[in-house]
> 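The structure under discussion is supplied below as structure tokens; questions concerning it will follow.
Worth saying up front: this structure is predicted, and the values here are computed from it rather than measured.
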Amino acid sequence: MNSNFCVAVHGLIYLYFCQSTVSSEELAKHVCTNPARVRKVMLMLKKQGLVQTREGKDGGYRCGTEAGEITLAQ
């Protein structure tokens, strides 16, 4: 397990409870890391189908699946 795992889990939990689109800046603030790192980790989660992305001024990340369907192994 590395620190990206911690950022991923924390980010997924935050996205699940927000139930809205969240920017990388906002996520970074809550995960206590920088936005570039959040974007890198969220890209990995997007490839797995765990998060959805939206580009633009109102863009960001949101949960891509139900929390009960996500396992730590993913």
> Checking Ile13 now: which residues fulfil side chain to side chain contact (heavy atoms under 4.5 Å, CB included) with it, not counting sequence neighbours?
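Residues passing side chain to side chain contact (heavy atoms under 4.5 Å, CB included) with Ile13: Val9, Phe17.
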> Is the CD atom of Glu55 crowded by more than 12 outside heavy atoms at less than 6.0 Å?
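Not more than 12 within 6.0 Å, no.
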> Taking only residues two or more places apart in sequence or in another chain, which ones pass side chain to side chain contact (heavy atoms under 4.5 Å, CB included) with Asn4?
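Only Asn2, Arg37, Lys40, Val41, Met44 meet the side chain to side chain contact (heavy atoms under 4.5 Å, CB included) criterion with Asn4.
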> How many angstroms lie between OG in Ser24 and CG in Leu43, if you round to the nearest 0.5 Å?
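So the OG of Ser24 and the CG of Leu43 are separated by 12.0 Å.
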> So how far is it from Leu50 CG to Leu12 CG, rounded to the nearest 0.5 Å?
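Reported value, rounded in 0.5 Å steps: 6.0 Å.
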> If you round to the nearest 0.5 Å, how far is CE of Met42 from CZ of Arg62?
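These two atoms lie 14.0 Å from each other.
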> The test is side chain to side chain contact (heavy atoms under 4.5 Å, CB included); show your working for Asp58 and Thr21 and say whether it passes.
CA-CA 8 Å; Asp58 297 323; Thr21 302; over 6 Å; no
> As an exercise, state the distance from NZ of Lys29 to CG of Asn34, rounded to the nearest 0.5 Å.
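Output value for this atom pair is 15.0 Å.
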> Can you list every ring-ring contact (aromatic ring centres under 6.0 Å, His included) pair that touches residues 24-63, not counting sequence neighbours?
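Every ring-ring contact (aromatic ring centres under 6.0 Å, His included) pair that includes a residue of residues 24-63, provided the two are not neighbours, is Tyr14-His30.
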> Can you measure from OG (Ser23) to NZ (Lys57) and round to the nearest 0.5 angstrom?
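The distance works out to 12.5 Å.
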